[in-house]
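Reviewing the structure listed below.
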There are 2 protein chains.
Amino acid sequence: MAAQRIEDTQGTDDGLREYEEKASAFVERFASDLADAGMQRMGARVFACLLSAEDGTLTSAELAERLRISPAAVSGAIRYLAQVRMVSRRRTPGSRRERYVVHEDTWYSSMINREHFLTRLAATLNSGVTALGKDTEAGRRLRETEEFMLFLQDELEGILARWEQRRAARAASS
Amino acid sequence: MAAQRIEDTQGTDDGLREYEEKASAFVERFASDLADAGMQRMGARVFACLLSAEDGTLTSAELAERLRISPAAVSGAIRYLAQVRMVSRRRTPGSRRERYVVHEDTWYSSMINREHFLTRLAATLNSGVTALGKDTEAGRRLRETEEFMLFLQDELEGILARWEQRRAARAASS
DNA sequence: CTATAGATTCACAAATTTGTGAAGTTAAGA
DNA sequence: TCTTAACTTCACAAATTTGTGAATCTATAG
């Protein structure tokens, strides 16, 4: 872990500690950004920590140590992250330890689809059109909002596809 | 208010009450969706209420009555909504009352840009690349994530432009 | 089959967030 | 200028959320 950095600093303890401090500072800042966007705090911290891990993978114990939190907190955060499909559990055969891993290629779409948020919102708005009457001004406004949500949902899928293409193209050329 | 609906139900008190109940049920459901997505609860309720109002406008007193909340709560929610540019205050000259109004044509973009969330995230990720070292695997992962955020930000602007076009086209043809 | 590492669940305490009443401001109207 | 309607701010109480230690569960190793 952090081999590169250790080398840069002639492998001194100070160098390693400095590296860890910088890494930790970044993790907290990133987590804080995510939390501001509505993500629960521990979930954000664990996710940030995983994303910053050299191979995108950490065990429960490693997470607990790096973030200074209890195993229970790790467990709760992982449950949440697994639910929203940003992380998955990986059981190494022949070990009791479980490793948690960032879905590097799909967490973007999980982030965007957020439990079908837009689709659900559109359905709710549709019920509003019925409730308020489709010929009222309010009904018209809700209908338009509904259409926007569906439009957005659709476009987002296009964006993800384009990103995958771009990514694939870059991978092929390098 | 709700003229259409009153007509539908022969203007009976029962009809009006029924309409109000349905409207309120929708407002709460919509607010709940928004709250699930990370929006603060009162902000969501006030916003949903405004969006459902016949002309997209209500006074502080009307909001307090419809949502059964104190003037202080209205004030707090409006402060928040104004800050994220989803609602603005409108002072009718020659009146002490203030009206709050949904930015019908711009709240989508406010919703999407959410205080430059993506740009900020990209900046944070960039600092992570520096902290972890750009030649490490983690650094590479963060850089890619940063690129995705910038890509997404860019694409979202395109989407909004397309939506405006679509909207304009429809308005012209009807 | 048993012992135990390791993850999860649960009840509770701490911390945070939220909404209220009351006091304080601001500006319209007399 | 004075009065007062209407919005805002503030301190606090209520409610919610969060993280912990302890107990519990699961499945690997022996």
Side-chain angles (χ1 to χ4, degrees), chain A residues 24 27-28 31-50 53 57-84 86-102 115, chain B residues 24 27-28 31-50 53 57-84 86-102 115:
Chain A
S24 167
V27 166
E28 296 305 331
S32 172
D33 280 359
L34 292 175
D36 286 351
M39 192 167 176
Q40 62 179 56
R41 193 144 47 95
M42 273 299 169
R45 293 182 73 205
V46 166
F47 181 75
C49 204
L50 281 171
T57 254
L58 291 170
T59 65
S60 173
E62 287 167 331
L63 283 166
E65 192 207 322
R66 294 190 184 195
L67 297 172
R68 315 266 182 113
I69 56 179
S70 70
V74 174
S75 179
I78 293 290
R79 178 165 8 103
Y80 165 75
L81 291 170
Q83 167 131 32
V84 301
M86 290 176 75
V87 156
S88 65
R89 291 167 230 252
R90 178 169 303 163
R91 189 126 219 166
T92 314
S95 161
R96 292 179 190 180
R97 293 230 166 130
E98 208 155 28
R99 301 193 72 79
Y100 304 120
V101 32
V102 187
E115 301 168 64
Chain B
S24 166
V27 166
E28 295 306 330
S32 173
D33 281 359
L34 293 174
D36 286 351
M39 192 167 175
Q40 62 179 58
R41 193 145 46 95
M42 274 298 170
R45 293 182 73 207
V46 165
F47 181 74
C49 204
L50 281 171
T57 254
L58 290 170
T59 64
S60 173
E62 286 167 333
L63 284 166
E65 191 206 322
R66 294 190 184 193
L67 297 171
R68 314 265 183 115
I69 56 179
S70 70
V74 174
S75 179
I78 293 291
R79 176 161 16 98
Y80 166 74
L81 291 169
Q83 168 132 31
V84 300
M86 291 177 74
V87 157
S88 65
R89 291 167 229 251
R90 178 168 302 163
R91 191 126 220 167
T92 314
S95 161
R96 291 178 189 181
R97 293 228 166 132
E98 206 155 27
R99 300 194 74 79
Y100 304 122
V101 31
V102 186
E115 300 168 64

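Chain A is the first sequence line, chain B the second, and so forth, proteins listed ahead of strands; every chain is numbered from 1.
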N/O to N/O distances under 3.5 Å, protein versus nucleotides 11-14 of chain D:
none

Name the pairs: protein N/O against N/O of nucleotides 2-6 of chain D, kept only if under 3.5 Å.
residue	atom	partner	partner atom	Å
dA5(D)	O4'	R96(B)	NH1	2.2
dA6(D)	OP1	R97(B)	NE	3.3

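Looking at which nucleotide of DNA chain C each of I78(A) and R41(A) is closest to, the 5′-most match is held by I78(A). Mapped onto DNA chain D by nearest heavy atom, G94(A) and A73(A) fall at different nucleotides, with A73(A) at the one closer to the 5' end.
The number of heavy atoms from other shown groups lying within 6.0 Å of CZ (R91(B)) is above 12.
Side-chain contact between I78(A) and V46(A) is present, with heavy atoms from C-beta onward closer than 4.5 Å. Using a 4.5 Å heavy-atom threshold, the side chains of V87(A) and V101(A) count as separate. Contact of the Y100(B) side chain with the T59(B) side chain is not registered, since no non-hydrogen atoms from C-beta on lie closer than 4.5 Å. When side chains are defined from C-beta on, Y80(B) counts as touching M39(B), because their heavy atoms get closer than 4.5 Å.
Taking atom CZ of residue R45(A) and atom C1' of nucleotide dT20(D), one finds them 14 Å apart after rounding to whole Å. Regarding R89(B), its CZ atom lies at a distance of 13 Å from the C1' atom of dT26(C), rounded to whole Å. We find that CG of L63(A) is positioned 15 Å from P of dG6(C), with the value rounded to whole Å. The separation between M42(B) atom CE and dT17(C) atom C1' is 12 Å, rounded to whole Å. Spacing between atom CG of D36(A) and atom P of dT17(C) amounts to 11 Å, rounded to whole angstrom units. Atom OH in Y80(A) sits roughly 14 Å away from atom P in dT17(D) (whole-Å rounding). Taking atom CD1 on I69(B) and atom P on dT8(D), their separation rounds to 13 Å, with Å as the unit. In this structure, CD of Q40(B) is placed 10 Å from C1' of dT17(C), rounded to the nearest angstrom.
If you check every strand for non-hydrogen atoms under 4.0 Å, Y100(B) touches sugar and phosphate atoms only.
At a threshold of 4.0 Å, the pair R99(B)-E62(B) counts as salt-bridged, since one of the basic side-chain nitrogens sits closer than that to a carboxylate oxygen. In this structure, R89(A) does not pair ionically with E98(A), as no charged nitrogen and carboxylate oxygen lie closer than 4.0 Å.
Between R79(A) and the phosphate of dT9(C), there is a side-chain N or O to OP1/OP2 separation shorter than 4.0 Å.
When atom types are taken as modelled, the side chain of R45(A) and the backbone of V27(A) share no donor-acceptor pair closer than 3.5 angstrom.
To the nearest 0.5 angstrom, F47(A) atom CZ is 7.0 Å from L34(A) atom CG.
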